[in-house]
Amino acid sequence: MDTLLDLLDSEEARKAAEEFPFAACEYARALAGKSEAFRRQMLPDARELEEVDGIGPDPFGEEDEASGCFGLKQRFPDRVLVMTSNACFMNCRHCTRKGLLRHAEVVRSDEELAACVNYVQERPEVRDVLLSGGDPLVLPDDEVMRFVDAFAVLGQVDVVRLCTRAPCVNPARVTRELAARLGACGKVWANVQFNHADEVTPEAAEACGNLVRAGIPVSCQTVLLAGVNDSVETLLDLFRALQRARVRPYYVFQCDPVAGVEHFRVPLEKAKRLARECAERIGGLGLPRFVADIPGAPRKMPVELM
Ligand code: SF4
């Protein structure tokens with residue numbers, strides 16, 4: 001048994017690890033040893049097994065999003081999401097897709113990728129392609145570039161979004177060589193996830209710096225998590241640390257209404273207060289938008305409008 005899992009304080013927590021497997025690379029485990037805020041995102045918790053009325057594993061109907069194209073999801077007219085893997089460097093306990101990843105459709109073969117490219121070409125309004133999963137950077141460099149190049153070459157595509165938590169949970173993966181290859185096509189933007197200033201280590205800042213120096217805009221999508229970052233001071237520390245690493249704080253997401261993450265959710269009224277107080281304390285470039293992803297909504301909803 002993993003020594004970290006030995007630390008779990010109850011049989012229920014161990015059951016939670018059976019329901020949604022524990023996984024964490026060496027770097028993430030070391031960081032968890034130094035940061036309580038990060039450890040809470042990594043270790044299984046008995047509360048993941050609590051059932052909440054009306055909350056299931058797939059609130060956005062991802063499994064039913066009928067694009068008709070294997071491994072490709074489309075919720076909005078101008079962008080599509082391509083599932084490049086179903087693995088991550090760490091299984092975040094607050095993950096929106098925690099109940100879906102194991103049996104997700106993942107694009108692997110050249111034929112499947114060609115079908116995704118064809119889908120985009122048939123819809124000229126699509127200008128933004130999200131490479132997601134799982135984490136695309138669990139793939140070898142050449143595999144990552146196979147996805148990037150397949151879409152970047154299309155004239156209609158302005159942005160290839162690399163959605164990855166690697167700079168936070170496994171920063172050594174973001175080498176200068178990989179960053180240079182990603183930057184070379186001129187269309188890659190990176191969306192990363194840092195939830196606490198403890199995570200913006202020198203190694204993480206170096207990884208983000210590699211991307212920035214390669215000409216890749218880097219934006220952070222933070223998840224608002226009870227017991228991790230739900231205070232004004234903690235959030236401001238994070239936004240400032242991100243800016244020092246030249247990462248744009250972009251969104252703070254309300255935790256999605258997904259089975260197994262309810263204990264991380266911050267009440268809406270508190271989220272509104274945090275958004276308001278942060279706005280009073282930091283300039284616009286360091287201030288992300290506080291939003292919620294609402295099933296069926298046509299866009300991310302600013303919390304102040306809810
Ligand atoms: S890295 Fe992203 S996709 Fe992977 S477990 Fe964490 S939140 Fe989920």
Side-chain angles (χ1 to χ4, degrees), residues 4 16-29 31-32 35 37-45 48 57-60 62-63 65 71 73 75 81-107 130-139 144 147 161-174 189-196 198-200 204 207-208 211 218-229 238 247 250-265 291-293 300:
L4 275 167
E18 283 165 25
E19 191 71 22
F20 180 59
F22 167 83
C25 66
E26 206 179 315
Y27 176 90
R29 291 167 188 232
L31 182 56
S35 167
F38 186 71
R39 188 159 55 243
R40 289 182 182 176
Q41 299 169 58
M42 188 183 85
L43 282 184
D45 185 304
E48 293 174 39
D58 187 14
F60 299 101
E62 285 198 22
E63 290 201 318
E65 263 168 15
K73 318 272 180 202
R75 278 176 68 199
L81 182 152
V82 177
M83 290 291 286
T84 60
S85 84
N86 60 357
C88 296
F89 298 105
M90 170 174 120
N91 282 350
C92 310
R93 308 313 297 183
H94 55 275
C95 179
T96 297
R97 297 198 181 113
K98 68 190 289 181
L100 303 176
L101 277 179
R102 264 179 290 184
H103 42 272
E105 288 181 356
V106 174
V107 175
L130 285 74
L131 302 182
S132 187
D135 196 318
L137 292 192
V138 299
L139 302 172
V144 176
F147 280 100
R161 261 200 269 184
L162 187 68
C163 305
T164 175
R165 211 178 174 196
C168 173
V169 296
N170 189 16
R173 173 69 189 93
V174 189
W189 294 49
N191 271 10
V192 300
Q193 183 192 143
F194 289 88
N195 297 326
H196 192 282
D198 289 352
E199 298 161 16
V200 192
C208 295
L211 295 169
V218 184
S219 305
C220 182
Q221 305 198 149
T222 292
V223 186
L224 188 59
L225 300 168
V228 172
N229 59 10
L238 170 63
V247 174
Y250 171 43
Y251 278 138
V252 172
F253 275 106
Q254 274 287 80
C255 208
D256 287 329
V258 176
V261 305
E262 194 61 19
H263 58 293
F264 280 120
R265 276 163 67 77
V291 296
D293 212 359
K300 310 273 186 295

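Whatever order the structure lists them in is the order used to number ligands and atoms, beginning at 1.
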Inset, instruction - Sequence neighbours left out, what passes salt bridge (Lys or Arg N to Asp or Glu O under 4.0 Å) with E105? Give chain and number order. - result: none
Legend entry - Residues R173 and T164: side-chain donor-acceptor under 3.5 angstrom: no
Inset, instruction - Take K98 and E48, measure what salt bridge (Lys or Arg N to Asp or Glu O under 4.0 Å) needs, and give me the verdict at the end. - result: CA-CA 11 Å; K98 68 190 289 181; E48 293 174 39; 3.1 Å; yes
Legend entry - By side-chain hydrogen bond (donor to acceptor under 3.5 Å, both in side chains) - contacts of S85 (at least two apart): none
Inset, instruction - Carefully, step by step, assess M42 and R93 under the rule side chain to side chain contact (heavy atoms under 4.5 Å, CB included). - result: CA-CA 6 Å; M42 188 183 85; R93 308 313 297 183; 5.7 Å; no
Inset, instruction - Sequence neighbours left out, what passes side-chain contact (heavy atoms from CB on, under 4.5 Å) with R165? Give chain and number order. - result: F38, Q41, M90, C92, H94, D135, C168, V169, Q193, N195, E199
Inset, instruction - Identify which protein N/O/S atoms are less than 2.8 Å from atom 6 (Fe) of ligand 1. - result: C92 SG
